[in-house]
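Before any comments, here is the structure.
Letters A, B, ... are given to chains in the order of the sequence lines, protein chains preceding strands, and every chain is numbered from 1.
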Amino acid sequence: SSGSGDPAPAGSASASASGDGSYTIGVANFMLSGPYFSGMDKAIAAQAKKKGNVEIISTDANGDAAKLASNVEDLLSKNVDAVIISGGPLESAPAALNAIKAAGKPVVLVDRKFQTGEYTSWIGPDNEAIGKQDGEFLAEKLPDGGKVAIIKGGPADNSIGLARTNGVKSVLSAKPSFTLVEAPDFGNWGSDGGLSVMESLLASNADLKAVFCENDAMCLGAQRAIADAKKTKQIIIAGVDGQAEALKAILDGTNYAVTGLNDADIIGSQGLDRAVDILKGTKVEKDTVVPSPRVTKENASQYYDPNGAF
Amino acid sequence: MILELRGVRKDYAGVQVLHGVDLVGRRGEVLAVVGANGAGKSTLIKILAGAQPMSEGEMRMDGERVEMRSPHDAHARGIRTVYQEMSLVPGLSVTENLLMGGFPRRRGGLIDWPAAHARARELLESIGFGAIDPRTIAGRLSVARQQMVEIAKALVDEPRVLVLDEPSAVLAGTDLEALFALIRRLRDRGVLVVYVSHRLAEVLELADSIVVIKDGRVIGSTEPSRTSENELIGLMAGRRLEQIYPARRADRGEPALHVSGLSRGGEFEDVSFTLHAGEIVGLFGLVGSGRSELALCVFGAEPASAGEVRVAGGPGGFRTPGQAIAAGLALVTEDRKGSGLVLGMTVADNIMLATLRATTRGPLIDFGRRRRKVAEMVERLDIRPAHCASMTTLHLSGGNQQKAVLAKWLLTGPRVLILDEPTRGVDMATRVEIYRMIDDLAREGLSVLLISSDLTEVLGATDRVLVMNQGRITGEARSDAVTEDEVLTYAIGRTA
Amino acid sequence: MTDQLAGPAPATTTARGRRLPRLVVGGRDLTVQAAFVTLIVLLVATAALTSDVFLTPANLTNLLKQMVTTGLLAFGMLVVILTGGIDLSVGSVVAFSGIVTAGLVAGLPIPLAMAVGVATGIGFGLVNGVLVARFGLAPFVVTLAALTTIRGLAFVYSEVPIAPEDPAFFTLGSALAGPIPVSTLIMLAVFLAGGIFLTRTPAGRSIVAIGGNAETVRLAGINVRRHVALAYTISGACAGLAGVILASRVGIAQPSVGVAFELDAIAACVIGGASLAGGRGSTRATFGGVLVLVLINNLLNLYGVQSFWQQVLKGLIIIAVILVQRTNRVRT
Amino acid sequence: MTDQLAGPAPATTTARGRRLPRLVVGGRDLTVQAAFVTLIVLLVATAALTSDVFLTPANLTNLLKQMVTTGLLAFGMLVVILTGGIDLSVGSVVAFSGIVTAGLVAGLPIPLAMAVGVATGIGFGLVNGVLVARFGLAPFVVTLAALTTIRGLAFVYSEVPIAPEDPAFFTLGSALAGPIPVSTLIMLAVFLAGGIFLTRTPAGRSIVAIGGNAETVRLAGINVRRHVALAYTISGACAGLAGVILASRVGIAQPSVGVAFELDAIAACVIGGASLAGGRGSTRATFGGVLVLVLINNLLNLYGVQSFWQQVLKGLIIIAVILVQRTNRVRT
Ligand SMILES: Nc1ncnc2c1ncn2[C@@H]1O[C@H](COP(=O)(O)OP(=O)(O)OP(=O)(O)O)[C@@H](O)[C@H]1O
Ligand SMILES: Nc1ncnc2c1ncn2[C@@H]1O[C@H](COP(=O)(O)OP(=O)(O)OP(=O)(O)O)[C@@H](O)[C@H]1O
Ligand SMILES: [Mg+2]
Ligand SMILES: [Mg+2]
């Protein structure tokens, strides 16, 4: 492999440099401290293991954009063949992309497509489509309309959340029978935040029919708040991601009605495949949208894996 | 009971402070320990109290060797100590400070507060300090009262040995008498009282035997009947002191500072006086009469509610100490630790603190010039040790710390110098130096206001004395034309 | 014995300044307390008058639930602050104890799992305490390092959230005793017992005294180290308990929970007039501080203030509250 | 004149304890300094011997870049800590100044936009300083409130990250002067000038003295309030500068950047031996503290230690470092 011991100068190591067909691929995670992101990291590693000839060096920037840039520089100084960036909530990383470009290495973005900068390929979900899908489901489920609450994640992941919320809104606000209530406070993408935001929502909106959260973790908290308020029969829940606990709740036929699968396993493993394909010189698509199937009680068993990474 | 120290040595980070001290104390005795500043008295006491380990030597009680690893060990053997530095918890009530080591409890282990307050009151009354309300927050008491609480604390459970490190430094008048009476009663009950003080008259009056320490060695032991103040001073200083107070010629010059109608709600009322160049004026009063507040107010450190302060031929109405300093005022406060020094900084830093901008070249401090100025002051005031400039001020003895404060102010080149209790805790030899320095300064045209609770000092070292009682000036006299009794009468507020 | 655990700052800081009108009852100056109660009453009154939701049972129950975590952490923090220290690690301890409890529920009876969760908090608190007390390290740094380490350990224990299946796991967090959540009652009990501990037991008084002047306490023959260690252990225990209750309330334990929780806890103590230099603070006023914080949050939410502006306002309100408090403090 | 700005802690903390071998040169006890330098040398040697990447030019440049933010914040923090205060708001100021700069680049010349960014930092610092100095509020609470408020304002300014198109925006953060990044040189210049300021100017000495005993300084005729305000302003300026450089380096300004940056800055000061009680600390040793932190991060990365274990280890290493430092401190 062209590992750290390889004296080959940066830039000269192209796909063909690793004559034995083995590769070292660096993974730059923006933050691992969310189950979705660590799930992705694991999926990449698992897929590499499956392939057998790919070594993975994974780094975590702990949510610090500058650290991501220097982690990428660290990876490049270890002479990796390609870099996969799991940018999480980061909107862009010009410095990292520039460094990779300067080193002449390919870079594959997983999940997050950066707003600016040059990359080789991207694999991820269409967040607005997921939101739309949830909105359409709610419209089907609630033919008489009603009040629907929206719980947003907040700062750390804004444009993703925005896309999801806009998706839901674009469907429901077109139907006059629906009223949308946006929680003023953020759920911060966690179950505890989802819980307390939902509690506040319930205090001032007793007549909610449904709640949409920008991710499943918040929905799980919201579900508890609804249960505590004894409104399980009245309010249905729509989330995004496909977190194991959410899938289980859907499968069990609770008021958790729907989620849009944003499968970290699939995106991660396809991301690694994509990087290897590029290194092998295969012609690849630039942008690939991974479909995000709508998961409801009917099809949940198909996706629920109690031992899955995420 | 006999308490013995044999060959006690102590060093701090390699600096030898005690060089083999022997000491014997018996039950029912007042054993006075005297010595110049930095002689090692407090260090010796800390060893007695278990607060500092000795480097070498041994301690015996009743002939039996005792190991003192912590203050707890000392407590267990009935040794109780009142330290030179105040050590009350300022935010807690007097009761709590007194009973910290053991509270009365109710069933269930909870503290029984009514019982605790009652016990504290009983204790204070039994030792003649009944005027202190045990529920008061200790930090709100005057310094003198705090000192009495401090002493009471040492008497909570009958000590066998009571160690007092300069307990009288902040006491005066009736408080002092109460303390002496207490000490005598304890002695008569068989307690060994180890008494450290710079007030030699007091020592001669109170002690049964006297031990003189110099530079960490015992250089003599005697009895009051066989010695005199002058002999003791001579022993301590290593030389004879001819005269304590310099002879004053009252050649006062132009007015230097006018204070008129100065008031500050609750602290002092309608205070007026004028200081003249070349004059030393004493300001006497009992502790708590408002002198320190007055000084701070004159210095612009605290706002007045009425009245005016003006430097003759110059500005007045200082709103900050900076303005007062610029006008030629300097104030040595009574609380060295709290407002006189930055203990964590070097002596040089402290000496230069009020004149930081006087030794700059361009925007930067000129260290060469600064070093010279500091060396000059260290030499002029004989601050010890001589290499102290780069030492942390904390490690200087009390008297030398006081000199460092004085050095700081002399560098500002003041016209008016206010000294608030400048000799508190300062040994006799150094006092004499300070008196001489004050005298020299006055001769150079400075005008000095000397605030003191030491009557002898006030009358001996000044030209004129103002007496304050409960925030008002109640009397004024020429120092050489008034008796101590007369001054006391003004201070207490009874007309003679 | 007042609940104000100790008096004003030393004379030097109180020496200057204006005289303000004081409220003195039976010889005791109650101005600060009165101002504080007024503040809370004002907040509640404003809320009640301007929002028709505020006084609904649902919202009041919410308020009661939402003060549990901050309340528990604030009490533990107060004990540490009284010694002159600080405990930055509480948020991480909340995460760790929660995730461990949730993880153990699969194999252990729930009460035992929860006890282990609290015990981990006690353990971490003890380690903090020993490092501060025995080795004389700065509390800020020790607990800062603990914040990082314990957060890492929580993720090492489980990178993903753990959601126990057994519904009995939710009981502690969601049960009501009449109209009042059981978790709130637990928190109130901690404050009550804590108040008694701090004002009426020798150990409690020693902790307060240590913050005022540790050397004096040492010279009084009291084991300062042991009491300092005890203070951090209490804080760890409170954080452990808070973590268990939070996990039970949310029904799912996340290793990422609790970031910046320490800041609210500290803010509550300071709003309640505690001095970060130690020796001064009161359980009652700290509870008041918790109330103020929770009320502010609730109000901003009820008024639908947008989240970013909530942050801006929250900061400004905290400043305003301590400014008011300051002006009312004893100035002699 | 040593760089150690002021002496050891008061006697109470140094009173007990063992004697350890001391290194005394020319009458000055250099044990602590020597131990500290040894520590850094050891870290570097370990790194160089166990990782073939460590000494590569790429990695060294990386190291130099990585220390810029922590370095700038640590110097500002040191100044505040010397006065006995603390500045928790620096992370939020980094975010605010960065996003404002990036936002202004569209309309203003880049240097001007950057100057405005730094100026916002100065402004926030001044407000902090005035609240602490003029109104006597606790620094911890003031800057905690500022942390919340300024973070909120950063989001109010722009909810989404701003990535200026003009490549000149990246210059400051990515330019090299020979092998050394320009941003690193700026940081070094700040430390150099800062060291001179603190040891050799009246204002610097006053700041150090205030941390030792503010009342003494006030009575020496020095305007304490103004100097305290100055300290916070310096910290704000450093944070503003750090924010501008960071945005330029990353090429994009995010309103969410800088969370918990204050903790690293404080850790650097304390590892460098600064006392959070004020009056004691050194620029040189603080720089050493920055080095230690950056080296630890780099090493853990080079060894490929898993992220969560990195956190665990980082915390433990910080404790170990200050323990070693402690044992080496003067014990009389
Ligand atoms: N913690 C310390 N570290 C280093 N030196 C010290 C320390 N404490 C005291 N010293 C030194 O030990 C010597 C004796 O000090 P000590 O306080 O015992 O003197 P003292 O006789 O009580 O003087 P005073 O009359 O001024 O109170 C002094 O030179 C002092 O500088
Ligand atoms: N922190 C405080 N809180 C309440 N009262 C105080 C405080 N400090 C001083 N006092 C009181 O204010 C009055 C004036 O004190 P001040 O110190 O000015 O008197 P003084 O004549 O200088 O006495 P001393 O010799 O004790 O300094 C006294 O009655 C004193 O008890
Ligand atoms: Mg002494
Ligand atoms: Mg006085």
Exercise. Within the side chain of C:Q254, is there an N or O that forms a donor-acceptor pair under 3.5 Å with the backbone of A:S191?
Worked result: yes
Exercise. What is the minimum heavy-atom distance between A:P184 and C:Q310, and which atoms define it?
Worked result: CB-NE2, 4.2 Å
Exercise. Between atom OG of C:S248 and atom CZ of A:R224, what is the distance when rounded to the nearest 0.5 Å?
Worked result: 7.5 Å
Exercise. At what distance, to the nearest 0.5 angstrom, does OG1 of C:T61 lie from CG of A:L202?
Worked result: 11.5 Å
Exercise. Which of residues 164-182 of chain C have a heavy atom under 4.5 Å from any heavy atom of chain A?
Worked result: C:E165, C:F170, C:S174
Problem set entry | Interface moiety of C:R249 toward chain A, non-hydrogen atoms closer than 4.5 Å | both
Problem set entry | Distance, nearest 0.5 Å, that separates CG of A:N188 from OG of C:S256 | 10.0 Å
For this session: Mind checking the OG-CG spacing from A:S204 to C:N62? Nearest 0.5 Å is all I need.
Result: 8.5 Å
Seminar exercise, completed: All heavy atoms of A:S38 vs all of C:E159, minimum pair found to be CB-OE1, 2.9 Å
Exercise. Within a strict 4.5 Å, meaning less than it, do heavy atoms of the A:S200 and C:Q66 side chains meet?
Worked result: yes
Problem set entry | Region of C:V53 in contact with chain A, defined by heavy-atom distances below 4.5 Å | side chain
For this session: Using a cut-off of 6.0 Å, state whether more than 12 heavy atoms not belonging to A:K297 lie near its atom NZ.
Result: no
Seminar exercise, completed: Okay, C:Q306 and chain A: the region with an atom under 4.5 Å from a heavy atom over there is both
Problem set entry | Name of the residue among C:V160, C:I162, C:I252 meeting side chain to side chain contact (heavy atoms under 4.5 Å, CB included) with A:E245 | C:I252
Exercise. With a 4.0 Å cut-off, would you call C:K65 and A:D228 a salt bridge?
Worked result: yes
For this session: Not counting sequence neighbours, which residues clear side-chain contact (heavy atoms from CB on, under 4.5 Å) with C:T50? List them please.
Result: C:T46, C:Y303
Problem set entry | Atom group of C:P255 that falls short of 4.5 Å from chain A, counting heavy atoms | neither
Seminar exercise, completed: One should read off an interatomic distance between A:D185 CG and C:F308 CZ, to the nearest 0.5 angstrom, of 10.5 Å
Exercise. What closest approach, in Å, do C:A58 and A:A203 show between heavy atoms, and which atom pair accounts for it?
Worked result: CB-CA, 4.3 Å
